[in-house]
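The structure presented is a predicted model; accordingly, all values stated were derived computationally and were not measured. The figures that follow rest on heavy atoms only: side chains count, while hydrogens, waters and symmetry mates do not. All chains are named by letter (A, B, ...) in the order of the sequence lines, taking the proteins before the strands, and each is independently numbered beginning at 1.
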Protein chains: 2
Amino acid sequence: MSATTPETPTKLQLLELLAAIGTAQWRDFAAAAAHHGLTSTQAKVLAQLNGPLPMRALATLLVCDASNVTGIIDRLEGRGLVRREPDASDRRVKNVVATDEGREIIRRVREEMQATHGALDTLGAEDSATLYALLARLRPGMEKDA
Amino acid sequence: MSATTPETPTKLQLLELLAAIGTAQWRDFAAAAAHHGLTSTQAKVLAQLNGPLPMRALATLLVCDASNVTGIIDRLEGRGLVRREPDASDRRVKNVVATDEGREIIRRVREEMQATHGALDTLGAEDSATLYALLARLRPGMEKDA
DNA sequence: TCAGGATCCTTGACATTATCAATTGTTTAC
DNA sequence: GTAAACAATTGATAATGTCAAGGATCCTGA
């Protein structure tokens, strides 16, 4: 019964570890975003914008009120990092799209997450593949009710 | 060359997956915190308070200005979830400690992270152990410069 | 020792992010 | 075609964030 490396970790232990990793990653992300004059929230929004997203969808992703998103997008749009586009099939909806500049700045933020990069570099190809496979199995369940 | 399950994932792919897991976990956490009348920030602070922590240390962990922490702790203290204690060896320092009620409420928040719990439940004992070991190796590098 | 610099926390002014209630325009269901 | 439902915005207000400045305490070195 080793206290340091349990053969079968408690769900609570695994949860705690996963939370710690998530927290550390967030610190890394927030610090990198600040270097580029972005607030954490602005960076988080840019990170979500792989494709066009309705305001409402953003609110759901950010776990916040829809009215909040209006102001956030206003500011990002004012800095030219984001654009509002009308939706083709529903005129109520406005789709948010990252501009080239927006995509570029978030790319640089991700590049600068040194702690995260450094940590991942300690994993060999095989371990990386194992971790990737496990996390990929976790992902759908985690995103279920979003 | 399978596009869905790469044998050796790119570092970028692994990074992206890790970020997605972290984001989903945060959503789960924020939603559970709201159920208990806590803002995300308040819950995040409570989650950090395993032991006494100086205000300054909290600011570092939250990646924010020290002055910000004053107000956050003021409100948590007003609700009886947290206490300020003088430091024994340095009278400038105030250590923040979670009260019994504070510990209880954050325990319940963690309990209610259903998406995360559900996702972890899909892993068998062996996979859990593997994931735990891999994440444990990642952790020190991620927390290095905090 | 004690003067200067550094550190910890707080305050005050202000920008950003969050909530809620109400409004407008549009869609959907009946 | 009307009523209910939904998307986004506005306005009011609270919470969170930054920065500059200040008081208290610690530390270092002449």
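Computed from coordinates, the B/Leu62 CG to C/dT17 P distance equals 17 Å when rounded to whole Å. Separating the CG atom of B/Leu53 from the P atom of C/dC8 is a distance of 13 Å, rounded to the nearest angstrom. The distance between atom CG of A/Asp90 and atom C1' of D/dA5, rounded to the nearest whole Å, is 12 Å. In this structure, B/Lys94 places its NZ atom 12 Å from C1' of C/dT11, rounding to the nearest Å. One atom, CE of A/Met55, and another, P of C/dT26, lie 17 Å apart when rounded to the nearest Å.
Taking only side-chain nitrogens and oxygens, A/Arg56 never comes nearer than 4.0 Å to OP1 or OP2 of D/dC6. Distances shown here put a side-chain N or O of B/Arg84 below 4.0 Å from the OP1 or OP2 atom of C/dT10.
Between B/Glu112 and B/Arg110, none of the side-chain N atoms (NZ, or NE/NH1/NH2) sits under 4.0 Å from a carboxylate O, so this pair counts as no salt bridge. Using a 4.0 Å cut-off between charged side-chain N and carboxylate O, B/Arg79 and B/Glu77 make no salt bridge. Salt-bridge formation is not detected for the pair B/Glu111/B/Arg108: no Lys NZ or Arg NE/NH1/NH2 atom is positioned less than 4.0 Å from an Asp or Glu carboxylate oxygen.
Here B/Arg92 pairs with B/Asp90 under the side-chain contact (heavy atoms from CB on, under 4.5 Å) rule; sequence neighbours left out. Listed by chain and number, the residues in a side chain to side chain donor-acceptor pair (under 3.5 Å) with B/Arg139 are B/Glu143 (sequence neighbours excluded). Listed by chain and number, the residues in a side chain to side chain donor-acceptor pair (under 3.5 Å) with B/Arg56 amount to none (sequence neighbours excluded).
Judged by distance alone, with hydrogens and angles left aside, A/Arg92 brings a side-chain donor or acceptor within reach of the base of D/dC6, the pair sitting under 3.5 Å. Counting atom types as modelled, B/Arg91 pairs no side-chain N or O with a base atom of D/dT25 as donor and acceptor under 3.5 Å.
At a threshold of 4.0 angstrom between heavy atoms, the contacts of A/Val63 are confined to the sugar-phosphate backbone, with no base atom among them.
Taking the side chain as every heavy atom from C-beta outward, B/Leu81 and B/Leu38 approach each other to under 4.5 Å. Side-chain atoms of B/Asp87 and B/Pro54, non-hydrogen and from C-beta on, never get closer than 4.5 Å to each other.
Screening residues 64-73 of chain A for side chain to side chain donor-acceptor pair (under 3.5 Å), with sequence neighbours left out, gives A/Asp65-A/Ser67.
Of the residues in residues 30-46 of chain A, those with a non-hydrogen atom less than 4.0 angstrom from any atom of DNA chain C are A/Thr39, A/Thr41, A/Gln42. Near-neighbour residues of DNA chain C inside residues 64-76 of chain B, defined by a heavy atom below 4.0 Å, number-ordered: B/Ala66, B/Ser67, B/Thr70.
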